[in-house]
Amino acid sequence: MQSRIFRLTIIFISSIVVAFAFNFFLLPHEVLTGGVTGLAMVFGLMTPVNTGYWIVLLNIPILILGWMKLGKEFIGNSVFSVVVTSIALIYIPIIEVTQDALLSAVFGGVIAGAAIGVIIRFYSSTGGFDVVSLVLIKKWDVPLGGLIFALNSIVVFISGFFFAWELALYTMLSIYITGLVIDRVHTRHIKLSLMVVTSKGDELKKELLANLVRGITVIEGQGAYSGERKKVLYTVITRYELAIIRPILKEIDPQAFVSVSESMEVMGNFRRD
C-alpha cells in the first residue's frame, strides 16, 4: 500500500511538472510538444477550449487501447497522470519565462522529458503516443524516446501549416530533446546481465520468478576461501527491472554478491515486455 501511495505521489508531482513545462516554456511561444498532447496544444491555441480539456478528449480512445494491451494498473496510473496534467494546465497560468523561443524549446523539452521519463519509470504514462509507443516496444526492442520522436514528428508538420515554420522547427527541437531525456531516465531498452552469488538460492530464485518475466539459470558453486556451498543465479534484465530486483535482494539476502554489467546484444528467447 505504501509503495502504491509513493508511486502515485511521484506521478502526481511529475504530471504537474509536465504542465509547468508546457505553460511556462512551450505554449507562450507556440512551441508544441508531440503526439496527442501536441495536437491538444494546437486545438487549445486555435479554439477557446483549454488545452487541458483537449488532452482528456483525445486520450480516451488511446487509453482504451492501452487498457487492452498494457493492463489495468498501468492505464489506471496513466488516467491519473492525464487528469492531473490536464487540471494543472487549466490552473497554472501561461507565463513567458523568456522571450527567446530557442531557450524555451530547449528548457521546455528537458523539463518535460525528465518528468515524462519519471512517469513512465513509475509504471504510468502521459497518455497519447506514450501508450502507443509502449505497445510497440513490446514487439520491437528500440529506445522508447526515439520511437516517441518518430511518432510525434507529425505534429511538426501540422504546426508548420497552422503556425510559422520557424516555430515548427523549434517544435522539432523540443520533441527531439524530450525524446533524448526520456531515454536517459527510462532506459528500459538497455539490457543488463545480472549474476547473484547467494546462500539462499532457492528462496531468491522463487521471489525473482514471481516478480519478473525472465528465465534464470542456476549454477552450483562453492566459495574458494570458505568452502561454503553457494548458488549462482544468472539472468538478463532491462535496466528498468533493476529497480524491482534491488529491494528483493536486500530483503532476502543482503550479504549476496551481486554483479551487474551492461549487455551489448541479446539474442535468443528474450522477452521484450
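For this chain, numbers begin at 1 and follow the sequence in order.
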Under the side chain to side chain contact (heavy atoms under 4.5 Å, CB included) criterion, do Val232 and Val218 qualify, and how do the steps go? CA-CA 6 Å; Val232 181; Val218 181; over 6 Å; no

Crowding at CZ, Phe80 (>12 non-hydrogen neighbours, <6.0 Å):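 Result for CZ/Phe80: enclosed.
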
Expected output: side-chain [X] to main-chain [Y] donor-acceptor under 3.5 Å:
{"X": "Gln222", "Y": "Gly227", "answer": "yes"}
{"X": "Ser81", "Y": "Asn77", "answer": "no"}
{"X": "Lys200", "Y": "Ile252", "answer": "yes"}
{"X": "Asp253", "Y": "Thr198", "answer": "no"}
{"X": "Thr9", "Y": "Ile5", "answer": "yes"}

Distance in Å, [X] [atom1] paired with [Y] [atom2], rounded so as to fall on 0.5 Å steps:
{"X": "Ile11", "Y": "Ser78", "atom1": "CD1", "atom2": "OG", "value": "7.5 Å"}
{"X": "Ile92", "Y": "Leu27", "atom1": "CD1", "atom2": "CG", "value": "11.0 Å"}
{"X": "Glu220", "Y": "Lys230", "atom1": "CD", "atom2": "NZ", "value": "12.5 Å"}

Pairs under 3.5 angstrom only: tabulate donor-acceptor contacts from the side chains of residues 103-118 to other protein residues two or more places apart or in another chain.
unit_1 : atom_1 : unit_2 : atom_2 : d
Ser104 : OG     : His29  : NE2    : 3.2
Ser104 : OG     : Asp100 : O      : 3.2

Tyr234 vs Ser193, test: side chain to side chain contact (heavy atoms under 4.5 Å, CB included). Steps then yes/no. CA-CA 7 Å; Tyr234 177 81; Ser193 295; 3.3 Å; yes

Distance-minimising heavy-atom pair for Val84 and Ser15: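 Smallest interatomic distance, heavy atoms only, reads CG1-CB, 3.7 Å.
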
Minimum heavy-atom distance Ile119-Ser14, with the two atoms named: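 Distance-wise, the nearest heavy atoms are CG1-CB, 3.4 Å.
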
Mind running side chain to side chain contact (heavy atoms under 4.5 Å, CB included) on Phe25 and Glu96 for me, showing each step along the way? CA-CA 7 Å; Phe25 292 96; Glu96 188 178 80; over 6 Å; no

Does the side chain to side chain contact (heavy atoms under 4.5 Å, CB included) test come out yes or no for Leu8 and Ile10, once each step is laid out? CA-CA 5 Å; Leu8 290 176; Ile10 296 297; over 6 Å; no

Of all residues at least two apart in sequence or in a different chain, which pass the ring pair (Phe, Tyr, Trp, His ring centres under 6.0 Å) check with Phe24?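 Counting only residues at least two positions away or on another chain, Phe24 forms a ring pair (Phe, Tyr, Trp, His ring centres under 6.0 Å) with Phe20.
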
Partner residues of Tyr91 under the side chain to side chain donor-acceptor pair (under 3.5 Å) criterion, sequence neighbours left out: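 Scan of Tyr91 (side chain to side chain donor-acceptor pair (under 3.5 Å), adjacent residues dropped) gives none.
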
Between Ser86 and Trp54: side-chain donor-acceptor atoms closer than 3.5 Å: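 Their side chains do not contain a donor-acceptor pair, so the 3.5 Å distance test is not met.
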
